[in-house]
Amino acid sequence: MVPGWTLNTEMMFYAVFACALAVRQTLRPLFVAVLLALVYVSAKTWLSGTTAAFYGTDRLAEFLAGIVLACTIRRIPRLSPGIWAVAGLGAFAMLFWMDLERPSVSQFIVLGIPAVILLCAALQIEISGHLPDLPKLSLLGDASYSIYLSHIFVIAGTRVAAHVVGLDLGMANGAVFVILALVVSSVAGIVVHRTIELPLLKGMNRLLRGGRKPPAAAELGTS
């Protein structure tokens, strides 16, 4: 399965944070950083093969950067939403340029730093209250995991359908295909979310929690 490497990273995320629940809240970021450092050093020293290749990359630095951002997002100096919008657009442009040029430098520099800036900018604009409430986009967020798991199959099917109808996937029509793939993947992901993911979650909730609602998520940056 193509998204398998991200699923492996996600499982590690759950395992590391589950371990962090055993320590005092103020020490959790440091605890997680130490655990990640141990994983990285182990992968670089005594582990071998696929495991070492997977966990011995600077992808773990991106993981840690996300933790640092979550802990500090409300302490970052307040700037106008316009400045953050420019920073976010600049970071997106940097990601696009890096993807085209593929410089032979650390992945954390190529992808991690621009991604952190982009995420920070988006969060700062949201915290400032300058983002409108868009229920449709909230639905996309709710369905994001289903979109992530299903999009590879949906895009492959869309590509086959494009060839069947004789659509040339050259530069011009390629842009049309990208837009079409985004729309179709989003719609399919929402369908999967509502028909498979939600029923499974409700069933597991009834089984494990007796139907009681899980605790509400902590407000961003306040935990």
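Small disclaimer: the values here were computed from a predicted structure and weren't measured.
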Looking at side-chain heavy atoms only, is the closest gap between [X] and [Y] below 4.5 Å?
{"X": "W84", "Y": "I127", "answer": "no"}
{"X": "V116", "Y": "E62", "answer": "no"}
{"X": "P103", "Y": "V110", "answer": "yes"}
{"X": "I147", "Y": "V154", "answer": "no"}
{"X": "L118", "Y": "M94", "answer": "no"}
{"X": "S42", "Y": "W46", "answer": "yes"}
{"X": "I67", "Y": "F63", "answer": "yes"}
{"X": "D142", "Y": "E197", "answer": "no"}

Just verifying a value: how many Å separate [X] [atom1] and [Y] [atom2], rounded to the nearest 0.5 Å?
{"X": "T158", "Y": "H163", "atom1": "OG1", "atom2": "NE2", "result": "11.5 Å"}
{"X": "L198", "Y": "S146", "atom1": "CG", "atom2": "OG", "result": "7.5 Å"}
{"X": "L140", "Y": "I190", "atom1": "CG", "atom2": "CD1", "result": "5.0 Å"}
{"X": "I113", "Y": "L95", "atom1": "CD1", "atom2": "CG", "result": "11.0 Å"}
{"X": "S150", "Y": "I155", "atom1": "OG", "atom2": "CD1", "result": "9.0 Å"}
{"X": "R28", "Y": "L35", "atom1": "CZ", "atom2": "CG", "result": "13.0 Å"}

Flag yes if more than 12 heavy atoms outside F31 fall under 6.0 Å of its CZ atom; otherwise flag no.
->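 Check passes, neighbour count above 12.
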Is the number of heavy atoms from other residues, nucleotides or ligands within 6.0 Å of CZ (F96) greater than 12?
->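 Atom CZ in F96 is not crowded, with 12 or fewer foreign heavy atoms closer than 6.0 Å.
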List the atom of [X], the atom of [Y], and the distance in Å for their closest heavy-atom pair.
{"X": "P199", "Y": "T195", "result": "CG-O, 3.4 Å"}
{"X": "I117", "Y": "A87", "result": "CG2-O, 3.9 Å"}
{"X": "R78", "Y": "I73", "result": "NH1-O, 4.0 Å"}
{"X": "A143", "Y": "G189", "result": "CB-O, 4.1 Å"}
{"X": "L64", "Y": "A33", "result": "CD1-CB, 3.8 Å"}
{"X": "P29", "Y": "Q25", "result": "CD-O, 3.8 Å"}

Go through the steps for L149 and Y145 under the test side-chain contact (heavy atoms from CB on, under 4.5 Å), then give the verdict.
-> CA-CA 6 Å; L149 289 177; Y145 193 62; 3.6 Å; yes
Can you get from [X] to [Y] by hopping between Ile, Leu, Val, Met, Phe, Trp and Tyr side chains that sit under 4.5 Å apart?
{"X": "M11", "Y": "Y40", "answer": "yes"}
{"X": "L123", "Y": "I76", "answer": "yes"}
{"X": "V16", "Y": "L21", "answer": "no"}
{"X": "M12", "Y": "F17", "answer": "yes"}
{"X": "F13", "Y": "V23", "answer": "yes"}

